[in-house]
Amino acid sequence: PDLNCRPICTLPRKIELIQKFGIDAMFVLKTNEQLLWQAAETFFTETLKEKLSAKILIEGSNFSFGWKRSGNAEFLCRTGQQAGIEIELVEPIEQDGNPVSSSIVRRLLQNGNVENANRLLTEPYQLTGTVAVGQQRGRTLGFPTANLEDVETIIPLGGVYASAVNVGGQQHLATTHIGSNITFGQAEPTIESFIHNFTGDLYGKQLNVVLYSRIRGSQKFDSVDELVAQMEKDVESTSCRC
């Protein structure tokens, strides 16, 4: 708990992605102390066998479960055979000779390398949040932005990203800045998206921002004119990278 490890997907997003593979039903267990302290034998018997009446279990060959990771693939195969439950073990998927794992995806996102992270995901990484009232400085500069709050997932390294948003069923390119607005001395980090070719009120609405690539890092500009000139270049770069 002290690591404050943010997820890659929110639960609704995860369900949305799984549904695309034709899954008929999904059962979600809440992670709490009672579950985390449960022995592997207890979880297998009470949850998988008795509550869910499992007929077949599909798992990664390198997974572990139960208190202090007392259950592994070998345990599952042995216990499953005794219970009459078929066990299918799946080997890790590899790309460029390296296994695809959530820890690698997290590290890539935290380093701002969303392009390589997207290669390991089924769909490009997205941030989901609620559009809130910000400093409204962008509209005075000619680049009104949607200020995203209450984002639960991993927030990539600060910088400017080529992105896209879906508003009213229509896809728009967007240029998204993540981090502090150091030009104006704003220390509090924000997530702000300038949505290309869009005018409208999004306050209070949920917005999904799909990230494609990091254009540049955050930087301090000596004047507003210099900042605006760079923002124009960022918008142009977005069109080339999406």
Side-chain angles (χ1 to χ4, degrees), residues 1-13 102-103 105-115 117-118 124-167 172-196 198-238 241-242:
D2 55 322
L3 293 177
N4 191 25
C5 186
R6 286 173 171 252
I8 296 171
C9 288
T10 61
L11 181 58
R13 173 64 171 162
S102 57
S103 58
V105 172
R106 282 191 177 91
R107 184 165 63 248
L108 288 170
L109 291 173
Q110 289 165 349
N111 291 335
N113 194 344
V114 295
E115 287 186 78
N118 288 342
Y125 184 70
Q126 73 174 32
L127 297 170
T128 299
T130 304
V131 179
V133 178
Q135 298 290 327
Q136 298 187 325
R137 191 180 290 116
R139 62 181 62 235
T140 66
L141 302 177
F143 295 92
T145 59
N147 186 46
L148 219 60
E149 291 189 349
D150 302 325
V151 175
E152 300 176 16
T153 55
I154 297 169
I155 298 176
L157 181 69
V160 177
Y161 290 82
S163 56
V165 300
N166 190 302
V167 182
H172 294 266
L173 292 182
T175 305
T176 300
H177 178 259
I178 298 174
S180 305
N181 198 326
I182 51 181
T183 298
F184 296 96
Q186 179 184 327
E188 186 71 22
T190 58
I191 302 172
E192 298 177 273
S193 290
F194 168 65
I195 306 172
H196 302 192
F198 173 80
T199 55
D201 184 4
L202 294 174
Y203 292 132
K205 296 182 180 179
Q206 188 179 76
L207 194 68
N208 300 322
V209 179
V210 180
L211 302 180
Y212 291 106
S213 66
R214 187 170 184 258
I215 297 173
R216 62 175 177 85
S218 299
Q219 62 188 99
K220 184 176 181 179
F221 296 92
D222 295 328
S223 68
V224 171
D225 289 342
E226 188 178 336
L227 169 61
V228 171
Q230 182 59 55
M231 291 171 72
E232 290 173 348
K233 293 178 182 178
D234 294 338
V235 170
E236 185 178 345
S237 294
T238 295
R241 297 196 185 198
C242 292

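Counting begins at 1 with the first residue of the sequence. Hydrogens, waters and symmetry mates are skipped; everything else that's a heavy atom, side chains included, is used.
- In terms of heavy atoms, A174 sits closest to V165 at CB-CG1, 4.3 Å.
- The CZ atom of R107 sits 10.5 Å away from the OG atom of S102 when rounded to the nearest 0.5 Å.
- Between the side chain of R214 and the main chain of N111, no donor-acceptor pair closer than 3.5 Å is present.
- At distances below 3.5 Å, not a single donor-acceptor pair connects side-chain atoms of T175 with backbone N or O atoms of F194.
- Note that CD of Q230 is 4.5 Å distant from CZ of R216, once rounded to the nearest 0.5 Å.
- Heavy-atom contacts from other residues, nucleotides or ligands closer than 6.0 Å to CD of Q206 number more than 12.
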Run N181 and T190 through side-chain contact (heavy atoms from CB on, under 4.5 Å) and show every step you take. CA-CA 8 Å; N181 198 326; T190 58; 5.7 Å; no
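- Of all the heavy atoms in C9 and T153, the pair that sits closest is C-CG2, 3.8 Å.
- Across all non-hydrogen atoms, the minimal contact from G159 to S218 is N-OG, 3.5 Å.
- Side-chain atoms of I195 and L202, non-hydrogen and from C-beta on, do get closer than 4.5 Å to each other.
- Scanning all heavy atoms of the two residues, the minimum distance from G112 to Y161 falls at CA-OH, 3.4 Å.
- Between atom CG of residue L11 and atom CZ of residue R13 there is a gap of 12.5 Å, rounded to the nearest 0.5 Å.
- The CZ atom of R6 sits 10.5 Å away from the CD atom of Q110 when rounded to the nearest 0.5 Å.
- Checked against a 6.0 Å centroid threshold, the rings of H196 and F198 do not count as neighbours.
- Taking a 6.0 Å sphere around CD of E149, one finds it holds more than 12 heavy atoms contributed by other residues, nucleotides or ligands.
- Annotation: side chain of L127 is in contact with side chain of L211 (closest heavy-atom distance under 4.5 Å).
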Checking V209 against I191 for the side-chain contact (heavy atoms from CB on, under 4.5 Å) test, could you report, in this order, the C-alpha distance in whole Å, the side-chain angles of both residues, the deciding distance, and whether it holds? CA-CA 10 Å; V209 179; I191 302 172; 5.8 Å; no
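- Looking at heavy atoms from C-beta onward, L207 lies in side-chain contact with V167 at the 4.5 angstrom threshold.
- Side chains of L109 and V114 form a contact here, defined as non-hydrogen atoms less than 4.5 Å apart.
- Here the CD-OG1 distance, from E192 to T176, works out to 10.0 Å after rounding to the nearest 0.5 Å.
- Residues R106 and C5 have side chains in contact (heavy-atom distance under 4.5 Å, counting atoms from C-beta outward).
- Between Q126 and T128, the shortest heavy-atom distance links the atoms NE2-OG1, 3.5 Å.
- Residues T238 and I215 are in side-chain contact: their nearest non-hydrogen atoms beyond the backbone lie under 4.5 Å apart.
- Here the side chains of I178 and P156 are in contact, with some heavy-atom distance below 4.5 Å.
- Atom NE2 in H177 sits 14.0 Å away from atom CZ in F143 (nearest 0.5 Å).
- You'll find the side chain of I154 reaches within 4.5 Å of the side chain of I8, heavy atoms only.
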